[in-house]
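Below: one structure, written as structure tokens.
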Amino acid sequence: MLITCPYCGPRDVSEFAYQGDGNRKRPDPASTDPETWNAYVYDRLNPAGAHNEIWQHAGGCRAHLAVVRDTLTHEVSSVRFAREHGAPTHGRRKSGAKA
Amino acid sequence: MAEYSALSLLKNALSGNRDWKPAWRKASPKPSYDVVVIGGGGHGLSTAYYLAKEHGITNVAVLEKGYLGSGNVGRNTTAVRSNYLLPQNTRFYEHSMKMWENLSHDLNYNVMFSQRGVLNLAHTPGQLDDLARKGNAMRHLGVDAELMTPAQIGRRVPGLDMSRSARFPIYGGLMQERAGTARHDAVAWGYARGADRRGVDIIENCEVTGFLRDGDRIVGVTSNRGEIRARKVAVAVAGSTGRVMQLAGVDKMPIESQVLQAFVSESLKPFLDTVLTFGMGHFYVGQSDKGGLVYGGDLDGYNSYAQRGNLPIVEEVMSEMVALFPSLAPVRVLRSWGGVCDMSMDGSPIITTGPLPGMYLNCGWCYGGFKATPASGFCFAHTIARDAPHELSAPFTLDRFSRGAVIDDKGQGPTPRLH
């Protein structure tokens, strides 16, 4: 499986770290609705076919990528920088935030 | 007289083996059943068997989209064990182990259950402490576990690199002697035959295409072989859980389908009489009765329904095998394949009523479903027949995630590829 990094070009999948389902949207941190958080943490679309997902080119330029990949054929149809795509909204620290 | 016995072998030999009955009928779907089980894998077949045997519910159909044994029941690496840390898991899998110990007799079908032991290796003192803790947790619940020294391991498994200069030296291991392997196809065939003889219809090449509803209630399925109505519809489709639940309008589940690869080597003379797992990475190996090494490692680590994986995992698995057994470097791989695993968010299964009225769900087996086959069917049949969970499967209901009662044996959190 090759993923074409928009910065580095086509690279082997072993250079990339899978960061999971790209459809998930982190709820507003101020939200206290348990159902919303439960859905965010545990529920997945898990489609057979085109899947929005986040990969990081961990063994390369380290960019986070928004990838559309077919889970039936492993064919990658689209790769964009995640920051342009507006994802990932989970697990990303705001710039300037304390560690 | 049991259908398979020394006497029946002799009798059929004398008559030229022309009178054996097929192990199961080629049933055609009836318009309606008490229970329809979707999925003719190990769990679906054992569910049907125990519905008939334990609960007297014989008006049952098992719908299989391919042929029996074409899914994960024929794709796993055949290990059977009950070496878990958390008590919910240990109790459930130990019940399964006890059922395995009597399964060939119960089914009158030789599933070739071989208690050759499963040995987990430790490669650091910390890891050995962790295995000791797990062994103590198991013994506390009456399950056998024994900590082994490097000297004992070296004697038990010749060929292992026991030297201090190994890339990951072996510090010890945890052995469960009662664990072992079983012939996976025979498990499917044995349960299919047992269910069939009790009146269950096993319908192959029957793919479910949708669900019949009466209001909110599920009252049957549509399939490529027509509509089949049922008072209760049970779903046991492992890696296809997401697809089937979407047909029922349940778009999201705490499940990701991921691919796990497995490998068989060319035949070797017997040298490995136990199942071995590597602790520095993820690798497990046993030797089949034909002599081939049956082995595997980690998931590929991304969503997939493809039943085939990619090369990085192949390379990783082979390098792990050679790190343990340097002498196996020249051995050739005979074949490899992939299976789609229903990875749950805490690494533990789901056996539950619902999530829709009239529906029952059995999924989330990650890549450990084979060893659970007897207990899974036993508990799922109880859940379907009584509309309430069996005591052993009560912790595994779907609502455990929202209740904060997850059963995460490895403590990995909701990242399925790490379980």
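Contact annotation for B:Val340: neither backbone nor side-chain heavy atoms come within less than 4.5 Å of a heavy atom of chain A. For chain A, the nearby parts of B:Glu256 are the backbone and the side chain; heavy atoms of each come within less than 4.5 Å. Heavy atoms closer than 4.5 Å to chain B are found in the side chain of A:Asn38, but not in its backbone. If you measure heavy-atom distances from B:Asn310 to chain A, the contacts under 4.5 Å come from the side chain alone. Proximity to chain A (any heavy atom under 4.5 Å) is shown, for B:Pro254, by both the backbone and the side chain. Of the atoms belonging to A:Trp55, it is side-chain heavy atoms, and not backbone ones, that fall under 4.5 Å from chain B. Of the atoms belonging to B:Arg308, heavy atoms from both backbone and side chain fall under 4.5 Å from chain A. Contact annotation for A:Asp12: only side-chain heavy atoms (C-beta onward) come within less than 4.5 Å of a heavy atom of chain B.
Ranked by heavy-atom pairs shorter than 4.5 Å toward chain B, the options A:Asn46, A:Asp70, A:Thr73, A:Leu72 are led by A:Asn46. With chain A as the partner, the residue from B:Pro414, B:Ser304, B:Ser344, B:Gly309 showing the most heavy-atom pairs under 4.5 Å is B:Ser304.
Aromatic ring orientation, B:Tyr295 versus B:Phe283: tilted (interplanar angle from 30° to 60°). Ring geometry for B:Phe92 against B:Phe396 counts as perpendicular: the plane angle is over 60°, on a 0 to 90° scale with 30° as the lower cut.
Taking every heavy atom of both residues into account, B:Cys379 and B:Ser393 meet most closely at CB-OG, 3.5 Å.
B:Tyr302 and A:His74 have their aromatic ring centers within a separation under 6.0 angstrom.
For the pair A:Arg24 and A:Asp43, the salt-bridge criterion is not met [side-chain N within less than 4.0 Å of a carboxylate O]. Between A:Glu75 and A:Arg69 there is no salt bridge, since no side-chain nitrogen of the basic residue lies less than 4.0 Å from a carboxylate oxygen of the acidic one.
Cation-pi geometry between B:Arg243 and B:Tyr305 is met: the NZ or CZ atom falls under 6.0 Å from the ring centre, inside 45° of the normal.
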